[in-house]
Colleague: 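Here you go, one structure.
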There are 2 protein chains.
Amino acid sequence: MDRRQRKTRKAIYDAFTGLLKKRPYARITVQDIIDAADVGRTTFYAHFETKDDLLTTLCAEIFDHVFSEDLRKEKTHDFSSEHNTGAMITHVLYHLQEHMEYLPGILSGQSDEIFMDSFKEHLRGLFSHAAAAVDSPVPRDYMMNHMVCDFAETVRWWTRHPSYSPEEISSFFLQTTPLLD
Amino acid sequence: MDRRQRKTRKAIYDAFTGLLKKRPYARITVQDIIDAADVGRTTFYAHFETKDDLLTTLCAEIFDHVFSEDLRKEKTHDFSSEHNTGAMITHVLYHLQEHMEYLPGILSGQSDEIFMDSFKEHLRGLFSHAAAAVDSPVPRDYMMNHMVCDFAETVRWWTRHPSYSPEEISSFFLQTTPLLD
DNA sequence: TTGATACCAAACACCATGTTCGGTGCGATT
DNA sequence: AATCGCACCGAACATGGTGTTTGGTATCAA
């Protein structure tokens with residue numbers, strides 16, 4: 001890829017995350033971004049179809065990182081198939097913490113769906129084994145939704161109380177959701 | 001209040017809820033509403049400041065109904081202070097069910113915050129006693145958020161699976177949230 | 001009957017979005 | 001070193017939705 005492309009792409013990303021630290025996604029215009037990134041309007045739209053597309057791409061990069069394969073390879077076993085849910089959760093939280101400064105900008109406002117939908121999709125993958133293991137008259141789909149939303153809302157709460165550590169948050173989650181493990 | 005005002009107000013409400021049954025809030029324009037209601041643009045803005053204001057007012061009416069005093073007076077005791085959480089929840093679900101046709105239009109898309117924020121506010125009132133009773137190292141605020149989001153997401157799930165009865169939904173909720181009662 | 005006020009259509013200013021245009025300069029290939 | 005391609009640029013534009021203004025009409029209540 002062209003060096004110029006990489007430069008402007010990075011400039012746009014940096015401008016975007018920088019703005020997200022100051023105000024929520026909904027109150028950021030494309031004009032704000034291209035002003036902050038110091039690129040032309042045409043250039044922005046050459047890289048991203050819309051503002052939502054930019055956010056979607058950013059979210060994809062975050063999740064690519066948070067749910068990266070090394071999450072499983074780092075340790076010697078597959079988290080989701082064995083009963084190490086606690087460690088897995090803490091791991092995910094650690095990775096999420098690196099993006100903590102601008103997560104509130106994505107999670108509040110009307111943009112939360114773009115983030116949340118993708119986030120929950122990934123979480124379904126992580127929790128699928130655990131949900132399948134539960135024997136209950138409650139529909140499996142409800143159970144899945146329960147676990148996933150529970151964790152997603154835990155993360156949202158965390159962004160409002162960022163002083164807690166990943167271990168503490170993980171502990172809160174597991175104590176209020178005794179269905180896992 | 002003037003008869004004319006009541007008439008146009010009702011026309012706007014009906015048009016709005018009618019449209020919400022067809023497509024989500026985000027894809028409804030003010031023009032759509034005034035066309036469906038057959039009122040002038042000026043008239044709409046004489047009644048509501050913005051489209052969000054209309055939704056906020058609608059939500060307020062829903063909650064005024066769902067969390068009405070007769071919820072407590074109908075029975076001979078205060079739900080929230082005694083341990084009749086199950087009955088209380090079922091009661092709320094029954095009332096919500098009456099608005100089921102257009103709830104998906106409010107809960108999907110980017111409008112869910114207007115509904116959810118107010119909904120959660122009311123739920124906090126209902127759950128405050130229950131949350132206070134729990135003795136746990138988990139912060140009270142986290143606990144509260146957990147219960148409230150749990151129920152709110154249960155309702156959201158219900159709108160996607162509306163064939164279940166209030167009793168069933170209530171049962172699902174209580175089984176996955178053993179913290180109540 | 002009269003005064004107030006709710007209503008109306010039409011036009012408007014505004015703002016953000018996404019596109020189109022003609023032109024400039026970097027960067028790689030020969 | 002010459003050149004071709006393409007990333008970039010600013011400026012202008014079309015689009016679409018919002019909320020306001022204007023001047024006039026119809027209804028209600030006294």
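Letters A, B, ... are given to chains in the order of the sequence lines, protein chains preceding strands, and every chain is numbered from 1. In this text the structure is predicted, and so the values were computed from the model without any measurement.
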Colleague: Reckon His47(B) has a side-chain N or O less than 4.0 Å from the OP1 or OP2 of dC7(C)?
Modeller: yes
Colleague: Take atom CG of Asp53(B) and atom P of dT20(D), then tell me their distance rounded to the nearest Å.
Modeller: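 Result: 12 Å.
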Colleague: Check every atom of dC9(D), dG18(C), dT18(D) against the side chain of Thr43(A) and return the nucleotide holding the closest atom.
Modeller: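 Among dC9(D), dG18(C), dT18(D), the one nearest the side chain of Thr43(A) is dC9(D).
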Colleague: Would you tell me if any nitrogen or oxygen in the side chain of Thr42(B) comes within less than 4.0 Å of OP1 or OP2 on dC7(C)?
Modeller: no
Colleague: Any salt bridge linking Arg156(B) with Asp112(B)? Criterion: basic side-chain nitrogen under 4.0 Å from a carboxylate oxygen.
Modeller: yes
Colleague: Going by the side-chain contact (heavy atoms from CB on, under 4.5 Å) test, name the single residue among His122(A), His95(A), His91(A) that passes it with Phe67(A).
Modeller: His122(A)
Colleague: Do the two ring centres, one from Tyr164(A) and one from Tyr142(B), sit under 6.0 Å apart?
Modeller: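 Not close enough - the centres of the two rings lie 6.0 Å or further apart.
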Colleague: Restricting to nitrogen or oxygen on both sides, can you table the protein-nucleotides 27-30 of chain C pairs closer than 3.5 Å?
Modeller:
{"from": "dG27(C)", "atom 1": "OP1", "to": "Arg3(A)", "atom 2": "NH1", "distance (Å)": "3.1"}

Colleague: Would you say a side-chain N or O of Tyr45(B) is under 4.0 Å from OP1 or OP2 of dG19(D)?
Modeller: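 Answer is yes, contact under 4.0 Å.
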Colleague: Round to a whole Å and report the spacing from CD of Gln5(B) to C1' of dA4(C).
Modeller: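 Gln5(B) atom CD is separated from dA4(C) atom C1' by 12 Å.
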Colleague: Could you check whether Tyr45(A) and Asp53(A), counting side-chain N and O atoms only, form a donor-acceptor pair closer than 3.5 Å?
Modeller: no
Colleague: Specify the residues of residues 9-36 of chain B, ordered by number, for which at least one heavy atom lies under 4.0 angstrom from an atom of DNA chain C.
Modeller: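 Nothing qualifies; none.
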Colleague: Would you say Arg23(A)'s side chain and Ile28(A)'s backbone share a donor-acceptor pair under 3.5 angstrom?
Modeller: no
Colleague: Taking CG from Asp38(B) and C1' from dA9(C), how many angstroms apart are they, rounded to a whole number?
Modeller: 12 Å
Colleague: Just the rounded figure in Å: distance from C1' of dT5(C) to NZ of Lys7(B).
Modeller: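 Computing the Lys7(B):NZ to dT5(C):C1' distance gives 16 Å.
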Colleague: Does the side chain of Thr8(B) reach to within under 4.5 Å of the side chain of Phe44(B), using non-hydrogen atoms?
Modeller: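 They are not in contact (no side-chain heavy atoms under 4.5 Å apart), so the answer is no.
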Colleague: Cationic tip of Lys51(B) within the cone over Phe16(B)'s six-membered ring, i.e. under 6.0 Å and within 45° of the normal?
Modeller: no
Colleague: Please report the distance, rounded to the nearest Å, between CD in Glu49(A) and P in dT17(C).
Modeller: 15 Å
Colleague: Phe44(A) has an atom CZ; how far is it from atom C1' of dA7(D), in whole Å?
Modeller: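 It works out to 16 Å between those atoms.
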Colleague: For Glu167(A) and Ser171(A), test the side chains for any donor-to-acceptor distance below 3.5 angstrom and give the result as yes or no.
Modeller: no
Colleague: Do Phe173(B) and Thr154(B) have side-chain heavy atoms sitting under 4.5 Å apart?
Modeller: yes
Colleague: Whole angstrom is fine here: how far is it from CZ in Arg41(A) over to C1' in dT15(D)?
Modeller: 13 Å
